[in-house]
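Encoded as structure tokens, the structure appears first; notes follow it.
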Number of protein chains: 2
Amino acid sequence: MASQTPRKRRGAGRVTLTAVAERAGVSAISVSRYFNQPAQLSDDLRERIGAAVEELGYVPNQVAGGLASARGRVVGMVVPNISGPIFADTIQAFSDTLAAHGYQLLLASSYFSEDKEESAVRAFLGWNPAALVLTSHFHSAATEKLIAGADMPVVEVWDYQPERAPIQVGFSHYQVGVDAVRHLHGKGYRRITFVQNSAPGDFSALDRRDGYADTLRELGGEPWMFVPTESAPFEAGRQAMEALMARGAQRPEAIIFANDNLAAGGLLAGQRAGLKIPEDCAVLGFGDYPFAPMLLPSLSTIKPPAREIGEIAALRVLQSIGVVPLEGAVERLNLLSCRVLERESA
Amino acid sequence: MASQTPRKRRGAGRVTLTAVAERAGVSAISVSRYFNQPAQLSDDLRERIGAAVEELGYVPNQVAGGLASARGRVVGMVVPNISGPIFADTIQAFSDTLAAHGYQLLLASSYFSEDKEESAVRAFLGWNPAALVLTSHFHSAATEKLIAGADMPVVEVWDYQPERAPIQVGFSHYQVGVDAVRHLHGKGYRRITFVQNSAPGDFSALDRRDGYADTLRELGGEPWMFVPTESAPFEAGRQAMEALMARGAQRPEAIIFANDNLAAGGLLAGQRAGLKIPEDCAVLGFGDYPFAPMLLPSLSTIKPPAREIGEIAALRVLQSIGVVPLEGAVERLNLLSCRVLERESA
DNA sequence: TTGTAAGCGTTATCAG
DNA sequence: CTGATAACGCTTACAA
């Protein structure tokens, strides 16, 4: 059994700050300043150090720097998932904005589980991140404690809870429910059903449902929620559509689905059953997933400001830690809005 | 102008290993062992230390640990993009597998640019990652040098180049082209066109094209490539379909698109033009994007082993650094295969 | 099985 | 503007 690759004991091999300093004939701290406060150096030193850095191919050791300065150039982000169509744009925009300022993204998924979120936060804390970004405001008690005591900027994205302490960058899910009902009601639909998400833990979807229910009631309608038992979203949408259509004369004139996956399942099930959409039943989704415009009929949906959330979250982080200058205080409350995309299905 | 939040100078405030050691009445190194080689401790110490860790809510400082041991529990990964439908599953699976073993993911996107990849690698190196994962084998000379001298496991995913030094976890794009032609040829199609990706930098797509061309020629056909000028993939697909259909009697019987986005654009353009698919023209994509089964007709496509790539890449990394035990050497060559998903469009 | 001493590569602090 | 020195919190190497 060949022994493992003989790992270098200590940091042997890599070019260090000190090596650069010797090469340039200056002290180590000057090389440090070359990277962190170049303005404080004379042109002479800056040139000599620059040359030495080039020659030796020096890459600053962020780990050592992080230890010395008690705050590293990483930002931890926890999202429910990476591979779903929802958060990808936010992650992408967030990561790109950070990278443009020399900060790195540490990423983990929670799968809508508070426990997983907690352990991700705990793990991140070990890296002394410059900031922490969480999705929504549903955290375990331990997580709340962790972030309260963390003494670093915390941002909550995708949701908007002004009464909470962390920086908020998101939109009102409740308002999405309101907008959905208003849109359909404005187009003449009256019997409007809401199909919930079968996936547990997606509490934001319940806020959308509440917005739906309250608004429909205000308009004189009777809220009617359907909860699928199928767990795969596509199947759940199909199940909902079939169950609702089986009501005969009592069937809904329009259905709001908790997200586009459910809506797509419903749409296709409706077609298979010979239903004309939107004439027989309108369908409205949420998320504007990439396939929405490609369905036949194309799916009307409500589009969340995903990229914008990522960009603004990153900006607020960078402002909080002083990397991006600003006048006054960091904007803590960032309420963005969704857009109703009226396509063919509603 | 209120001064920035008065950041704590040094690591003031956080619970340290030493604090835990004092609380438990042991030496610091014992607490270190509690986390890293618990088997070496007596039951007595283990219990006392465990209690102290609980009480104080200690979270190990990975930065300090990383500095001391010259290798941290992070793995850097560079992908072309996060928000596209292609790499998301790989990232997700990779991240989850790492997290299950206490390792964190440091993520960056290259947008198919070798320069961006290079700067991401450089930035990662500053974090002393346990390993580096890159997408494909198209790197700048500087990146090649960087990874060659990095003295850490390097994995290349999504592609398969056995002659290269890094661990390979992927599939043969050339073979995808071969499979595509064979599938269509087997169903009786003869005049088969390949529509290239209009996005620059996606060299793997050219390998698929080569597989197509060689195989078609072998079968006695004449390769026929179409290169769209539109840059948005959906539009590019539409453009290709319209241009190809304008050939009248000379139009292709089947079209292989470089990816599902292009294929979807082509599919819808064909329908809008009154074409019957696949009777008038078959359409085959690549990627099995989430919308593929939802199109009408549903899109036949070739599905890459995205999740599997992520899982195996993570496993190889963990084996390379000794976190996951194995007998013998780490498997350097991991050739996975794609599946032709025959749906309605081909 | 447990402990002591030294040092990882950088930055904060204080002096010049 | 430049530098000397002492941390930062942990792990390696060696000893008991």
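Note that the coordinates shown come from a computational prediction; the quantities given were computed from them, not determined experimentally. In what follows, every heavy atom counts, from backbone to side chain, and hydrogens, waters and symmetry copies are set aside. Throughout, protein chains are lettered first and strands after them, A, B, ... in sequence-line order, and every chain is numbered starting at 1.
Every residue meeting the side chain to side chain donor-acceptor pair (under 3.5 Å) condition with B/Glu55, not counting sequence neighbours, appears here in chain and number order: B/Arg23. Shown here are the salt bridge (charged side-chain N to carboxylate O under 4.0 Å, His left out) partners of B/Glu331, two or more places apart in sequence or in another chain: there are none. Checked against side-chain contact (heavy atoms from CB on, under 4.5 Å), A/Pro162 has the following partners two or more places apart in sequence or in another chain: A/Tyr160, A/Leu333. Partners of A/Glu47 according to the salt bridge (charged side-chain N to carboxylate O under 4.0 Å, His left out) rule, which considers only residues two or more places apart in sequence or in another chain, do not exist here. Residues satisfying the salt bridge (charged side-chain N to carboxylate O under 4.0 Å, His left out) criterion with A/Arg46, sequence neighbours excluded, are A/Asp43. The side chain to side chain donor-acceptor pair (under 3.5 Å) check on A/Glu114 picks up nothing, with sequence neighbours excluded.
One atom, CZ of A/Arg14, and another, P of C/dT10, lie 8 Å apart when rounded to the nearest Å. The distance between atom CG of A/Leu67 and atom C1' of D/dC8, rounded to the nearest whole Å, is 4 Å.
Contacts of residues 56-66 of chain B with DNA chain D (heavy atom under 4.0 Å): B/Tyr58, B/Asn61, B/Ala64, B/Gly65.
Residue pairs meeting the salt bridge (charged side-chain N to carboxylate O under 4.0 Å, His left out) criterion with at least one partner in residues 121-141 of chain B, sequence neighbours excluded, are B/Glu118-B/Arg122.
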Verdict with reasoning, A/Val75 to A/Phe94, per side chain to side chain contact (heavy atoms under 4.5 Å, CB included): CA-CA 10 Å; A/Val75 176; A/Phe94 186 74; 3.8 Å; yes
Listing time: all N or O pairs from protein to nucleotides 1-3 of chain C that are below 3.5 Å?
residue, atom, partner, partner atom, Å
C/dT2, OP1, B/Ser42, OG, 2.4
C/dT2, OP2, B/Ser42, N, 2.7
C/dT2, OP2, B/Ser42, OG, 3.3
C/dG3, OP2, B/Ser27, N, 3.2
C/dG3, OP2, B/Ser27, OG, 3.0
C/dG3, OP2, B/Ser30, OG, 2.7
C/dG3, N7, B/Arg33, NH1, 3.2
C/dG3, O6, B/Arg33, NH2, 2.8

